[in-house]
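Here's the structure we're looking at; comments come further down.
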Amino acid sequence: MKIYYINRDQSTARRDWMESQLSQLANDKIQYSRISAVEGATLTEAEINAVTDYDQGATRKLSVNEVGCFLSHRKAWQLISDSPDEYGVVMEDDVLLSSKVDLFLSNTNWIPKGTAYIRLEANDNYWMVKLFQCHQKGTIADVNYELFEFEGGGGGGAYVIHKELAKWLLPLYTKFSIPVDDALIDPELFVKGIPTQLPGSLRLQMVPLIAIQQLCYKNRFLPLGAEVSSLQIKKKRSTRSKLGRELLRVVSLKHWKRTYSKLIGPKFPFLE
């Protein structure tokens, strides 16, 4: 499979980090290519309006960085849809790769029939996965793995995508109103049926993870010169908005599930 990693032109420390990892994988079975990320901050208001469309159900507008991130993933989808390969891999530039990642990315034999998307990393806990609906278990070399169907949770840092899904997403998200992480796992994505050109509707979570983003890992692995992603920095809120948010959290089932998972629930294991 070919890996496409997204990197801002000025983020040279992150680029060096990804190149140092991916160059060790490069061979006739695993290739990689850098995608120059779209700089959301440089987009004009007209350019942003041309690609965003907020319906009445939208809770907020996307930040300029989220718009740029979505457009960057679209660039990856376009390259994958134009590729002769059945599957491609998309990565952001703040991931740590497992030492065993080549076992999976060097072939597609382990991918179940009907799979459109596999999430290789995740920033949520097990409660977001249908643990009683494990789709497949297997072993490659000495590595045991499981593939679960999942209900939700963010995570666009590293994923495998079928070229036909990439091709189908491009016109579907010509305009968008949600972050790309949510778009990929939107439960309504296939609500009207599976497009005939897709192999199936399976969207799977890999366990253990073979990639992990910096914000989910116990130790810092990014070089000191690598900046923290602006998408991961919590925005300051007014006292009034904080109060409203806390009141909503008290009655939110999602909040209590997340609290349980942080205190008691197991984390996704990362394959070192």
Minimum-distance pair of heavy atoms, taken over all atoms of [X] and [Y]:
X      : Y      : value
Glu121 : Ala211 : CB-O, 3.0 Å
Asp93  : Leu222 : O-CD2, 4.0 Å
Met1   : Tyr87  : SD-CB, 3.7 Å
Ser72  : Ala37  : OG-CA, 3.4 Å
Lys137 : Cys134 : CG-SG, 3.7 Å
Glu272 : Ser99  : O-OG, 2.9 Å

Review point. Residues in salt bridge (Lys or Arg N to Asp or Glu O under 4.0 Å) with Glu19, at least two apart?
Key: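 Expected list: none.
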Practice item. Could you tell me which residues satisfy salt bridge (Lys or Arg N to Asp or Glu O under 4.0 Å) with Asp28, sequence neighbours excluded, listed by chain and number? Key: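 Asp28 satisfies salt bridge (Lys or Arg N to Asp or Glu O under 4.0 Å) with no residue once adjacent residues are dropped.
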Mind checking the [atom1]-[atom2] spacing from [X] to [Y]? Nearest 0.5 Å is all I need.
X      : Y      : atom1 : atom2 : answer
Ile210 : Ser98  : CD1   : OG    : 7.0 Å
Leu25  : Asn27  : CG    : CG    : 7.5 Å
Leu172 : Asp186 : CG    : CG    : 9.0 Å
Gln213 : Cys216 : CD    : SG    : 6.0 Å
Tyr5   : Leu97  : OH    : CG    : 11.5 Å
Phe148 : Gln205 : CZ    : CD    : 9.0 Å

Same apolar cluster: [X] and [Y], side chain cutoff 4.5 Å:
X      : Y      : value
Phe190 : Ile178 : no
Leu184 : Leu79  : yes
Val51  : Val180 : yes

Does any part of the side chain of [Y], heavy atoms only, come nearer than 4.5 Å to the side chain of [X], both counted from C-beta?
X      : Y      : value
Thr115 : Pro199 : no
Ile30  : Ile3   : yes
Lys2   : Tyr32  : no
Ile111 : Phe104 : no
Met91  : Ile6   : no
Leu169 : Ile161 : yes

**Study point:** Test salt bridge (charged side-chain N to carboxylate O under 4.0 Å, His left out) applied to Arg119 and Asp181, step by step
**Key:** CA-CA 10 Å; Arg119 193 166 56 185; Asp181 296 30; over 6 Å; no
Exercise for review: Please lay out, stage by stage, how Leu165 and Tyr117 fare under the test side-chain contact (heavy atoms from CB on, under 4.5 Å).
Suggested key: CA-CA 8 Å; Leu165 176 57; Tyr117 168 89; 4.0 Å; yes
Review point. Cut-off 3.5 Å, side chains only: do Arg14 and Asn7 have a donor facing an acceptor?
Key: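 There is no such pair (donor and acceptor under 3.5 Å, judged by atom type) between the side chains of Arg14 and Asn7.
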Review point. So, Ser177 versus Asp53: side-chain donor-acceptor pair below 3.5 Å or not?
Key: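 Their side chains do not contain a donor-acceptor pair, so the 3.5 Å distance test is not met.
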Partners passing side chain to side chain donor-acceptor pair (under 3.5 Å) against [X] (at least two apart in sequence or in another chain):
X      : value
Tyr173 : none
Asn107 : none
Gln197 : none
His73  : Glu92, Tyr159

Point to revise | Inter- and intrachain pairs under salt bridge (charged side-chain N to carboxylate O under 4.0 Å, His left out), touching residues 158-173, at least two apart | key: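 Passing the test, one end in residues 158-173: Glu164-Lys167.
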Exercise for review: Please collect all salt bridge (charged side-chain N to carboxylate O under 4.0 Å, His left out) contacts where either partner lies in residues 99-110, sequence neighbours excluded, each pair once.
Suggested key: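 Of all non-adjacent pairs touching residues 99-110, those that pass salt bridge (charged side-chain N to carboxylate O under 4.0 Å, His left out) are Lys100-Asp142.
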Review point. Is there a donor-acceptor pair closer than 3.5 Å between any side-chain N or O of Glu66 and the backbone N or O of Ser63?
Key: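 Yes; at least one donor-acceptor contact below 3.5 Å.
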Exercise for review: List for me each residue that meets side-chain contact (heavy atoms from CB on, under 4.5 Å) alongside Lys75, sequence neighbours excluded, and say none if there are none.
Suggested key: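 side-chain contact (heavy atoms from CB on, under 4.5 Å) check on Lys75 returns Ile35, Ser36, Val38.
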Practice item. Would you please name every residue forming a side-chain contact (heavy atoms from CB on, under 4.5 Å) with Ile48, sequence neighbours left out? Key: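 Expected list: Leu43, Thr52, Val64, Val67.
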Exercise for review: Decide side-chain contact (heavy atoms from CB on, under 4.5 Å) for Arg74 and Leu170; before the verdict, give the C-alpha distance in whole Å, the side-chain angles of both, and the deciding distance to 0.1 Å.
Suggested key: CA-CA 7 Å; Arg74 279 181 53 87; Leu170 287 167; 4.0 Å; yes
Exercise for review: Any chance you could lay out the side-chain contact (heavy atoms from CB on, under 4.5 Å) test for Leu189 and Arg203, step after step, and finish with the verdict?
Suggested key: CA-CA 11 Å; Leu189 189 61; Arg203 285 178 288 174; 3.5 Å; yes
Exercise for review: Using the test ring pair (Phe, Tyr, Trp, His ring centres under 6.0 Å), find all partners of Phe221 that sit at least two apart in sequence or belong to another chain.
Suggested key: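 Per chain and number, Phe221 pairs via ring pair (Phe, Tyr, Trp, His ring centres under 6.0 Å) with Trp17, Tyr217.
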Practice item. List for me each residue that meets ring pair (Phe, Tyr, Trp, His ring centres under 6.0 Å) alongside Tyr4, sequence neighbours excluded, and say none if there are none. Key: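 In terms of ring pair (Phe, Tyr, Trp, His ring centres under 6.0 Å), with neighbours along the sequence ignored, Tyr4 is linked to no residue.
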Exercise for review: Could you check Ile140 against Trp110 for side-chain contact (heavy atoms from CB on, under 4.5 Å), going step by step and ending with a plain yes or no?
Suggested key: CA-CA 8 Å; Ile140 298 180; Trp110 58 279; 3.8 Å; yes
